[in-house]
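Take a look at the structure set out below.
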Amino acid sequence: MGNGGLGGFFENFLSKDTVFSEKKALQPSYSPEEIIHREMEVKQVADTLAPCLKCEKPSNLFIYGKTGTGKTLTINYVTRELLKAAQKQETPLKIIYINCKLKRSTDTEYRLLAQLLKFFDKEVPYTGLPTEELYKLFYGVLENEKKNVLLILDEIDYLVNKIGDGFLYNFTRMNEVTFSNLSLIGISNDVTFVESVDPRVRSSLSEEELIFPPYNALQIQDILRNRTKLAFKQGVLENGVIEKCAAYAAREHGDARRALELMRVAGEIADRNNQQKVLINHIDEAEEKIDRDRIYDIVVTQPKQYHVVLYSILSLYSTKKNIIFTGDVYNVYKDCCSKINLRCLTQRRVSDIIAEFDMLGIINATTISKGRYGRTREITLGMDVNVLSRIKVFLENEISV
DNA sequence: CCTCCACCGGAACGTGAGGAGT
DNA sequence: ACTCCTCACGTTCCGGTGGAGG
């Protein structure tokens, strides 16, 4: 690129060599026609849902499995086929898929219902109505519809954590209250999730259960081979790349999604370096890059108060040892606030913020006891040095100290 | 064995911004 | 204009607690 101008950057971009032929085959949203190593699960889901076709209500279904074990893929595949079959024989059927973790759309009971009503072309205001009112609306809609309705709640554990399990009770009882056939399909990453749910709800929610085991390294290799055949040009993968990638992903817990992401990023790195092949060490680079970007993105999108708290932690980290306590953080934070004229939060709140950072994986905070000297959180940073300095620069800028 | 520190973490409540209905 | 919703983000209050030191 020349001075100021893009100097044909886009032309270059378009004509530039790339190792990809169809990159979207590596995207998480990509839905292949063929699902490998999940034949059993596909069949079981299909068995459970099949009564739809005879206008009978299928059992509620509960699916567990860690991330990247093909849960969403399987359910989407089966419901797609189911819908085709239903349309062919003109059986009324409505399938609603909601991913509860997708930003904001469903993190309260109200919003969940609003979202659902939207699927039935009922618009409701973002806020304002009593939640009870939305339930009534929803009941009404269900009765009108006179269809089998499959409600798929992906990442349902996340939702229940946020808003409690009360809504599940209402949903599982809906068929008693209305003349409708609503079946719930819950998908959860957290295997211990059901234990935390109210027993009354539990039994009806998991009339059928299905556990998706992690893929092993060999299975991930198969999956990668399948997808890379589409995604990459022929012969651009160095020998051993797939094996390495699979090994990395299997090391965690057989997360196929991560494996695909690694592949994609490795390819992008190869492109950027103008290399015609994806090499084994690109996988290593990709892994680092994914981690770095994730953390940086999370930090950047936090609100100001969070930035100041994190800034306090980081500046303590560079002046002191690697172990920091809540009290220290709060003191530095207070100083910082008065310097930059920011409303100072209570320690209680800051404590929560620190806990949130821990949950986000930005810092490690464990509560420990120092005996005579009280109980507190012990904060350490497990961050890569590169990310750390990048974040620091960002925060210093943002806070402008 | 008991005490007591320096916080943790639950719960209730307050505020102010969104909006509906009347 | 007024009352009623919900929700995000905080505050206030307070009981709870692991373990070093007496």
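Sequence lines set the chain letters: A, B, ... in the order given, protein chains first and strands last, and positions in each chain run from 1. A quick note: this is a predicted structure, and the numbers were derived from the prediction, not measured.
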Inset, instruction - Verify side chain to side chain donor-acceptor pair (under 3.5 Å) between Thr367(A) and Arg375(A), making sure each step is shown before the conclusion. - result: CA-CA 7 Å; Thr367(A) 67; Arg375(A) 233 161 97 78; 4.6 Å; no

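Between Thr108(A) and the phosphate of dC7(C), there is a side-chain N or O to OP1/OP2 separation shorter than 4.0 Å.
Atom CD1 in Ile353(A) sits roughly 10 Å away from atom P in dC9(C) (whole-Å rounding). Here dT3(C) presents its C1' atom at 15 Å from CG of Leu129(A), a figure rounded to the nearest Å. Rounded to whole Å, atom C1' of dG10(C) lies 13 Å from atom CG of Leu342(A). The nearest whole Å value for the distance from the CZ atom in Arg348(A) to the P atom in dG16(C) is 15 Å. When the P atom of dT12(C) is taken as reference, atom CG of Leu345(A) falls 11 Å away, rounded to whole Å. Here the P atom of nucleotide dA8(C) and the OH atom of Tyr110(A) are 13 Å apart, to the nearest Å.
Remark: Lys66(A) NZ is loosely packed, at most 12 non-hydrogen atoms of other residues, nucleotides or ligands lying under 6.0 Å away. Other residues, nucleotides and ligands contribute more than 12 heavy atoms inside 6.0 Å of the CG atom of Asp297(A). In the displayed structure, Lys43(A) atom NZ is contacted under 6.0 Å by at most 12 heavy atoms of other residues, nucleotides or ligands.
Less than 6.0 angstrom separates the ring centroid of Phe62(A) from the ring centroid of Tyr64(A).
Residue Gln347(A) is classed as a sugar-phosphate contact, given heavy-atom separations below 4.0 Å to backbone atoms only.
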Just the atom pairs and distances: protein N or O near nucleotides 17-21 of chain C's N or O, under 3.5 Å.
from, atom 1, to, atom 2, distance (Å)
dT17(C), O2, Arg375(A), NE, 3.3
dG18(C), N2, Ser369(A), OG, 3.4
dG18(C), N2, Gly371(A), O, 3.0
dG18(C), N3, Ser369(A), OG, 2.7
dG19(C), O4', Ser369(A), OG, 3.2
dA20(C), O4', Arg372(A), N, 3.3

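With salt bridges taken as basic N to acidic carboxylate O contacts below 4.0 Å, none links Glu268(A) and Lys289(A).
Side-chain atoms of Arg80(A) and Ser31(A) form a donor-acceptor pair, as typed in the model, at a separation below 3.5 Å. Between Asp154(A) and Thr72(A), the side chains place a donor N or O and an acceptor N or O closer than 3.5 Å (distance only, hydrogens not considered).
Residue whose closest nucleotide on DNA chain B sits further toward the 5' end, between Pro125(A) and Thr367(A): Thr367(A).
The aromatic rings of Phe138(A) and Phe120(A) sit perpendicular, their planes meeting at an angle over 60°, well past the 30° parallel limit.
Think of the region where chain A sits on DNA chain B: with heavy atoms and a 4.0 Å cut, that region ends 5' and 3' at dT3(B) to dA20(B).
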